[in-house]
Chemist: 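Next up is a structure, given as structure tokens.
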Amino acid sequence: MRRAHWPFIPALALGILCNALVCLAAWMCYGARTSIDRIFTIIPPIAAFVAAGFEHSIANVYFISIGLFIKAGAPSSFWSAIGKTSADFPDLTWDNFLIGNLLPVTIGNTIGGSLMVAAVYWFVYSRKKLP
């Protein structure tokens with residue numbers, strides 16, 4: 001399971017790109033006037049982040065934790081049903097998740113949301129009015 005154990009820089013980059021799209025979706029919803037507008041503006045950026053495989057720390061807290069709990073506590077009938085064993089997932093550990101994924105992805109999400117979206121909006125809309 002590669003998602004739980006990225007090198008630092010790729011995990012950081014995937015986090016930056018992910019939250020840039022997620023925050024862009026949120027900001028675009030602010031500009032929408034109706035619920036239909038909001039739905040149509042939120043779908044493309046969120047679909048792009050999911051399709052591209054970008055990393056979101058909050059989603060990973062759920063998905064990787066569930067994988068870790070399944071690895072630790074699933075009965076043997078589960079493993080025989082899927083034709084695998086828990087030993088087939090050696091990278092799926094709490095250390096790999098917390099240090100190899102959650103830390104760099106959270107930093108990347110913060111950079112992506114604050115610099116790539118919020119700072120750009122601040123710069124664009126903080127200009128003084130022309131005389």
Chemist: For the backbone of Y62 and the side chain of S65, can you confirm whether one donor and one acceptor N or O come within less than 3.5 Å of each other?
Modeler: no
Chemist: Between W6 and P104, is any pair of side-chain heavy atoms under 4.5 Å apart?
Modeler: no
Chemist: What are the two closest non-hydrogen atoms of A87 and P90, and how far apart are they?
Modeler: O-CD, 3.6 Å
Chemist: For ring pair (Phe, Tyr, Trp, His ring centres under 6.0 Å), just list the numbers for W94 and F69, CA-CA rounded to whole Å, side-chain angles, deciding distance to a tenth of an Å, and then say yes or no.
Modeler: CA-CA 10 Å; W94 285 104; F69 290 134; 5.7 Å; yes
Chemist: Which class fits the ring pair Y121 and W27: parallel under 30°, tilted 30 to 60°, perpendicular over 60°?
Modeler: parallel
Chemist: If you measure from CD1 on I43 to CZ on R38, what distance do you get to the nearest 0.5 Å?
Modeler: 14.0 Å
Chemist: Looking at every non-hydrogen atom in both residues, tell me the closest pair between A11 and G100 and how far apart they are.
Modeler: CB-O, 4.2 Å
Chemist: Could you see if I66 belongs to whatever hydrophobic cluster contains V61? Use Ile, Leu, Val, Met, Phe, Trp, Tyr and a side-chain cutoff under 4.5 Å.
Modeler: yes
Chemist: Nearest 0.5 Å, please: how far is CG in L21 from SG in C23?
Modeler: 9.5 Å
Chemist: Measuring only between side-chain heavy atoms, which start at C-beta, is V105 closer than 4.5 Å to N60?
Modeler: yes
Chemist: What's the spacing between L14 CG and N19 CG if we round to 0.5 Å?
Modeler: 12.5 Å
Chemist: Which atom names give the shortest non-hydrogen contact between L115 and A119, and what distance separates them?
Modeler: O-CB, 3.4 Å
Chemist: Between I70 and F89, is there a shared hydrophobic cluster once you connect ILVMFWY residues whose side-chain heavy atoms come closer than 4.5 Å?
Modeler: yes
Chemist: Is the shortest side-chain heavy-atom distance between H56 and N109 below 4.5 Å?
Modeler: yes
Chemist: Look at the side-chain heavy atoms of Ile, Leu, Val, Met, Phe, Trp and Tyr, link any pair under 4.5 Å apart, and say whether L68 and I82 land in one connected group.
Modeler: yes
Chemist: Are side-chain heavy atoms of N96 and N101 found at a separation under 4.5 Å?
Modeler: no
Chemist: Kindly compute the distance separating CZ (F54) from CG (L17), expressed to the nearest 0.5 Å.
Modeler: 4.5 Å
Chemist: Tell me, do I107 and F8 make a side-chain contact under 4.5 Å, heavy atoms counted?
Modeler: yes
Chemist: Which distance, rounded to the nearest 0.5 Å, do you find between the OG1 of T41 and the CZ of R33?
Modeler: 12.5 Å
Chemist: The criterion is side chain to side chain contact (heavy atoms under 4.5 Å, CB included); which residues satisfy it with L98, sequence neighbours excluded?
Modeler: L102
Chemist: Are more than 12 heavy atoms, taken from residues, nucleotides or ligands other than F40, located less than 6.0 Å from that residue's CZ atom?
Modeler: no
Chemist: Under 4.5 Å between side-chain heavy atoms, hopping through other hydrophobics if needed: is there a path connecting Y30 to I42?
Modeler: no
Chemist: I need the I64 CD1 to E55 CD distance, nearest 0.5 Å.
Modeler: 6.5 Å
Chemist: Find out if a path of hydrophobic residues (ILVMFWY) with successive side-chain heavy-atom gaps under 4.5 Å connects I9 to I111.
Modeler: yes
Chemist: Looking only at heavy atoms, which two atoms of A118 and S114 are closest? And how far apart?
Modeler: CB-O, 3.5 Å
